[in-house]
Amino acid sequence: MQRCLNLGKKKSVTRETFPKQILRGDHGLSGHRWLAGFLSFSWHVVPSTPSRTSTCGCLSWPGTTYTRRQPVSRSRMAEGQFHVIGGIVSPVSDGYGKQGLVLAQHRVAMARLALQSSDWVSVDDWESQQSDWTETVVTMRYHYSRILKQYQESTWKNQAPTSYPHLPSSSGLSLKLLCGADFLDTFRVPGLWLEDHVEELAGRFGLVCISRGEQDPERAVHESDTLSRHRSNIFLVREWIRNESSATKVRRALRRRLSVKYLVPDSVIEYIHKHNLYTEDSEQKYKDVPLRPLTKQTGTPVKILDD
Ligand SMILES: Nc1ncnc2c1ncn2[C@@H]1O[C@H](COP(=O)(O)OP(=O)(O)OP(=O)(O)O)[C@@H](O)[C@H]1O
Ligand SMILES: NC(=O)c1ccc[n+]([C@@H]2O[C@H](COP(=O)(O)O)[C@@H](O)[C@H]2O)c1
């Protein structure tokens, strides 16, 4: 996910800037693992949950809680073994079919408005532009190879191509999936996730999970054999300033014409009103449609690696 808002004006994590952030050496990683963490989630925006939003998320509306998750996780990760060089927001495709999901073009636009002031979190529209819903692990593979390629091109451009094969293991570049505590519970919903995908997300990539309300992410990890096996690759971040906001609540308020000021950035509120986005009608969209993962994954399982 890349491409922040205001390209050209704001500094974003792009082909040009992100490798330099590493090379500049501002990681000062003597005590750290030489690693750059990339946090990702896809919103199913607006109000339908920001990635749910990324995690992938639907981004049913980019609220301030949602956008705050990246800085919270970044500061906590920085206390540990990672140097976080960027964040990616990846709104889900319209094909996901979640109730109330508004068009991807609007969700991407709102995400960009909400993140306008960030110089390290960007919104990427690759996933949202796919004609069908994309498995989260496929989105993660896409972004990982994209940032790895940028890194390689930038770091090794003066070296022989034969040096490249050493990079994946030696670069320490890492991409992790950022989610809220409730997200871990969705792994247990029958038919929603393929076991191999959870294995790859937790094992190969890793998860950064932020506490949310009364949700108990430690229990979710403990009760899952797969998550427990990869416990060392799952980072639970405690958000002490609790916020009970949710995409569903924000959408409901908008439908009822109640104020969402200070819950949603002004620029996003303006966009929503301009395009008349969250209405009784929009909430009915996909109402009786099964979520795409439930139908797609009962057919042909997707390839596990390197597709
Ligand atoms: N207040 C919050 N604290 C921590 N994580 C959150 C919070 N709100 C949303 N998230 C996380 O953001 C991601 C995307 O959330 P999503 O877009 O589904 O919003 P939501 O508020 O959970 O939506 P809904 O109300 O439809 O369930 C998920 O991983 C979710 O756990
Ligand atoms: N099997 C999968 O890869 C799978 C299943 C369900 C949801 N998801 C993702 O999780 C996110 C969750 O979104 P919601 O929680 O808003 O429904 C979306 O980005 C969606 O693509 C992935």
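We count ligands from 1, going down the list as the structure has it; atoms in each ligand are counted the same way. On a predicted model such as this, the values are computed, not experimentally measured, just so you know. Residues: numbered from 1 along the sequence shown.
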For Arg231, give me all partners under side chain to side chain donor-acceptor pair (under 3.5 Å), at least two apart in sequence or on another chain.
none

Val221 versus Leu184, closest heavy-atom pair with distance:
CG2-CD1, 4.0 Å

Is it true that His197 lies under 4.0 Å from ligand 2, counting heavy atoms only?
no

Any N/O of Thr134 closer than 3.5 Å to an N/O of ligand 2?
no

Examine Ile210 against ligand 1 and note whether any of their N/O atoms are separated by less than 3.5 Å.
no

Polar proximity ligand 1 side, Ala247 side, N/O cut 3.5 Å exclusive
yes

If we ignore hydrogens and angles and just use 3.5 Å, is the side chain of Glu280 paired with the main-chain N or O of Arg255 as donor and acceptor?
no

Heavy-atom contact check, 4.0 Å cutoff: does Leu192 meet ligand 2?
yes

After noting the C-alpha distance and the side-chain angles of Lys296 and Glu135, does the key distance pass the salt bridge (Lys or Arg N to Asp or Glu O under 4.0 Å) rule?
CA-CA 9 Å; Lys296 186 172 180 182; Glu135 297 77 1; 3.3 Å; yes

Would you confirm whether Ser211, through its side chain, and Glu239, through its main-chain N or O, come within 3.5 Å as a donor-acceptor pair?
yes

Out of Glu244, Arg252, Arg212, whose heavy atom is nearest to atom 22 (O) of ligand 1?
Arg212

For atom 9 (C) of ligand 2, state which one of Asp182, Thr136, Leu177 supplies the nearest heavy atom.
Thr136

Numbered in order shown, the ligand 2 atoms found under 4.0 Å of a heavy atom of Glu135 are 3 (O)

List the atom of Lys98, the atom of Tyr286, and the distance in Å for their closest heavy-atom pair.
O-CD1, 3.2 Å

Quick check against the 3.5 Å criterion: does Ser282 have a side-chain atom that pairs as donor or acceptor with the backbone of Leu277?
yes

Taking side chain to side chain donor-acceptor pair (under 3.5 Å) as the definition, give me every residue that meets it alongside Gln129, ordered by chain and number, with sequence neighbours left out.
Asp125

For Ser246, counting its heavy atoms only, list the atoms of ligand 1 lying under 4.0 Å from any of them.
21 (O), 25 (O)

With distance as the sole test, does Lys285 use its side chain to make a donor-acceptor pair with the main-chain N or O of Gln99 at under 3.5 Å?
no

With heavy atoms of Ser245 as the reference, note each atom of ligand 1 found under 4.0 Å away.
1 (N)

Atoms of ligand 2 less than 4.0 Å from Gln297 heavy atoms?
1 (N)

Any atoms of ligand 1 less than 4.0 Å from a non-hydrogen atom of Cys179? List them with their elements.
29 (O)

Is there a heavy atom in Thr186 that sits closer than 4.0 Å to ligand 2?
no

